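This is a predicted model, so every value here is computed, not measured. When a residue number appears, it is its place in the shown sequence, counting from 1.
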Amino acid sequence: MATLLLPFLFLILLSQSPTSLSIRPNHPHPLPLPSKPKSLIFPLKTRSIPPSSLPSSPNKLRFHHNVTLTVSLSVGTPPQNATMVLDTGSELSWLRCATSSPLSFNPYASSSFSSIPCSSPTCVSQARDLPIPATCEQSSKKCHVALSYSDASTSEGSLSSDLFRLGDMSASPSPIRTTFGCMTSAFDSALDPTATTGLLGMNRGALSFVTQTKTRRFSYCISDRDSSGVLLIGSTNLPFMLPLNYTPFVQINLPLPYFDRVAYSVQLDGIRVGSTQLPIPKSVLLPDHTGAGQTMVDSGTQFTFLLGDPYNILRTEFLRQTEGILTPLNEPDYVFQGAFDLCFRVPEGKPVPVYVPSVALVFKGAEMVVAGERLLYKVPGEKRGGDGVWCFTFGNSDLVPISAYVIGHHHQQNVWVEYDLENGRVGFAPVKCDVASQKLGLTL
């Protein structure tokens, strides 16, 4: 499938509420930055995932997403608006396809839409990195795809292609013909069916949006407030930023059953609570002979997950250092979203105590420090007398189960995260994302 190299950078403003992020231009044309190469900024609108749209059955879904990062695109001819979850942990982009729903893509209304046949090289070879191999729909001879995620989200449909445009149609570059899944059956806990149309796959697989657009570098910054952040496609070259600290991708070329070769996998070297380095053997933080134990940076997962043994060491030390500062919930049977078993009682209306120790994730050449309210998440609707229930935002992978360490976007707040495919690395730099947005000339 032919692709086009994006001719300039995109700066897309991100905005976060307690439940969602989305992009919505509020100017006829995006605002150009006075820099080279030319950049575009898109203001965003905060959008919440209503509780009624989330599944209620704990047997179906062990954990779900309350917050997602979304970008606005237009798809097809004539263009149809689409709001898609930005997911660096997924390969195939997909849209919910239907003819009647206003929040779905209608393929029959697009003259540039085409289904991909089973015999196409795209179906036969390019779909090789998908977790579930593509199959052939015998009746229609269309390339059939099915996706399944660790949180029990699923989608199923036909591999297709159409013209994608990022952001505002009037200011976007030439549309890019993109292969995606046109899904007729979809359930995704990260997607609010009342506000989102699909998912934009941003990993390194052959069918990801990154690969199809020949994007060699992109980055984002997520605010910890109900304000704004930035998604940038292209090189990070902003004068107000601290230098990025980079950690290299971990690459294993040998196919292993539990190693995702197209994920943004890095090496977790250790974990620190306050000034205390946790006694976690380095061997436990390395992928084993099956590939289990890789560390992935993932914008499509909300919280961070650690394998069982390191998680228990972290849990014990965090409890020790917060004794007398935080009041444990002390309900052994209460496990938030099936993976978060360390929870506390905090008086309603009061913030998390300022003396809570930080948790640092230490990588080769870089580290990510999680502090303050990013360490705890207030569980909606849960109260114990006059107290709210707040849970530690590191989960136990073994309970989900996930056979990996996953760095979720909640812990990427106020961190500029750059994915540098050209040099095989991920970069981190602390930054106030709301301030960064203002410095980029945005009015909130």
Side-chain angles (χ1 to χ4, degrees), residues 14-22 44-54 56 58 63-69 189 192 194-195 221-229 273-274 301-304 314-315 317-360 368-396 408-415 430-435 437-438 444:
L14 292 179
S15 177
Q16 182 167 0
S17 72
T19 52
S20 182
L21 304 176
S22 61
L44 298 182
K45 179 181 178 182
T46 298
R47 192 179 273 134
S48 297
I49 298 177
S52 60
S53 72
L54 296 173
S56 58
F63 70 98
H64 58 249
H65 300 268
N66 300 92
V67 180
T68 56
L69 315 180
S189 72
D192 174 8
T194 68
C221 181
I222 306 164
S223 176
D224 63 346
R225 302 181 179 183
D226 295 346
S227 56
S228 58
V273 180
T301 297
Q302 184 176 358
F303 299 118
T304 293
L314 170 61
R315 184 186 191 279
E317 181 62 23
F318 189 80
L319 267 173
R320 186 187 72 81
Q321 292 197 28
T322 57
E323 185 176 359
I325 300 173
L326 292 172
T327 303
L329 183 61
N330 287 329
E331 295 180 15
D333 294 334
Y334 183 81
V335 182
F336 174 55
Q337 294 188 5
F340 302 87
D341 62 357
L342 179 56
C343 299
F344 303 90
R345 297 176 63 149
V346 177
E348 285 287 349
K350 290 190 176 181
V352 173
V354 295
Y355 299 109
V356 173
S358 63
V359 176
M368 180 182 291
V369 178
V370 182
E373 291 195 1
R374 286 189 293 154
L375 287 165
L376 299 173
Y377 178 78
K378 186 177 182 181
V379 181
E382 288 286 346
K383 292 184 180 181
R384 302 294 186 272
D387 298 336
V389 175
W390 294 66
C391 293
F392 194 43
T393 52
F394 289 84
N396 188 339
H409 65 70
H410 184 79
H411 290 165
Q412 299 173 41
Q413 293 174 352
N414 281 339
V415 178
V431 64
K432 284 289 186 182
C433 295
D434 53 340
V435 175
S437 298
Q438 294 170 9
L444 303 179

| request: Answer whether the closest heavy-atom distance between the side chains of Leu376 and Leu326 falls below 4.5 Å. | output: yes
| message | So, using salt bridge (Lys or Arg N to Asp or Glu O under 4.0 Å) as the criterion, who are the partners of Glu373 when residues are at least two apart? | response | none
| Can you tell me if Ser223 uses its side chain to pair, donor with acceptor, with the backbone of Cys433 under 3.5 Å? | no
| request: Could I get the full list of side-chain hydrogen bond (donor to acceptor under 3.5 Å, both in side chains) partners for Asn414, not counting sequence neighbours? | output: Asp224
| So do Val359 and Leu314 actually touch side chain to side chain, heavy atoms under 4.5 Å? | yes
| message | I'd like to check the salt bridge (Lys or Arg N to Asp or Glu O under 4.0 Å) partners of Arg384; sequence neighbours left out, ordered by chain and number. | response | Glu331, Glu382
| query | How far apart are the C-alpha atoms of Phe336 and Leu329, what are their side-chain angles, what is the distance that settles it, and do they pass the side-chain contact (heavy atoms from CB on, under 4.5 Å) test? | reply | CA-CA 12 Å; Phe336 174 55; Leu329 183 61; over 6 Å; no
| Qualifying residues under salt bridge (Lys or Arg N to Asp or Glu O under 4.0 Å), relative to Arg345, sequence neighbours excluded | Asp387
| said: Can you list everything that forms a side-chain hydrogen bond (donor to acceptor under 3.5 Å, both in side chains) with Thr322? Sequence neighbours excluded, please. | reply: none
| task | Please list, chain by chain and in numerical order, all residues satisfying side-chain contact (heavy atoms from CB on, under 4.5 Å) with Pro430, sequence neighbours excluded. | result | Leu242
| message | Taking Val273's backbone N and O only, do any of them form a donor-acceptor pair with Glu317's side chain (distance below 3.5 Å, no angle check)? | response | no
| query | Any side-chain heavy-atom pair from Phe392 and Leu375 closer than 4.5 angstrom? | reply | yes
| task | Determine yes or no for a side-chain-to-main-chain donor-acceptor pair under 3.5 angstrom, with Thr304 supplying the side chain and Phe394 the backbone. | result | no
| field | Test salt bridge (Lys or Arg N to Asp or Glu O under 4.0 Å) applied to Lys378 - qualifying residues, sequence neighbours left out | value | Glu348
| query | Which heavy-atom pair separates Gly274 from Pro357 by the least distance, and what is that distance? | reply | N-CB, 4.1 Å
| field | Thr393 to Arg374 - nearest heavy-atom pair and separation | value | OG1-O, 2.7 Å
| request: Kindly say whether Phe303 contributes a backbone atom to a donor-acceptor pair with the side chain of His411 at under 3.5 angstrom? | output: no
| message | Please enumerate all residues that pass side-chain contact (heavy atoms from CB on, under 4.5 Å) together with Leu319, with sequence neighbours excluded. | response | Arg315, Pro328, Leu342, Phe344
| task | Given ring pair (Phe, Tyr, Trp, His ring centres under 6.0 Å), test Tyr377 with Phe340 step by step and report yes or no. | result | CA-CA 10 Å; Tyr377 178 78; Phe340 302 87; 8.6 Å; no
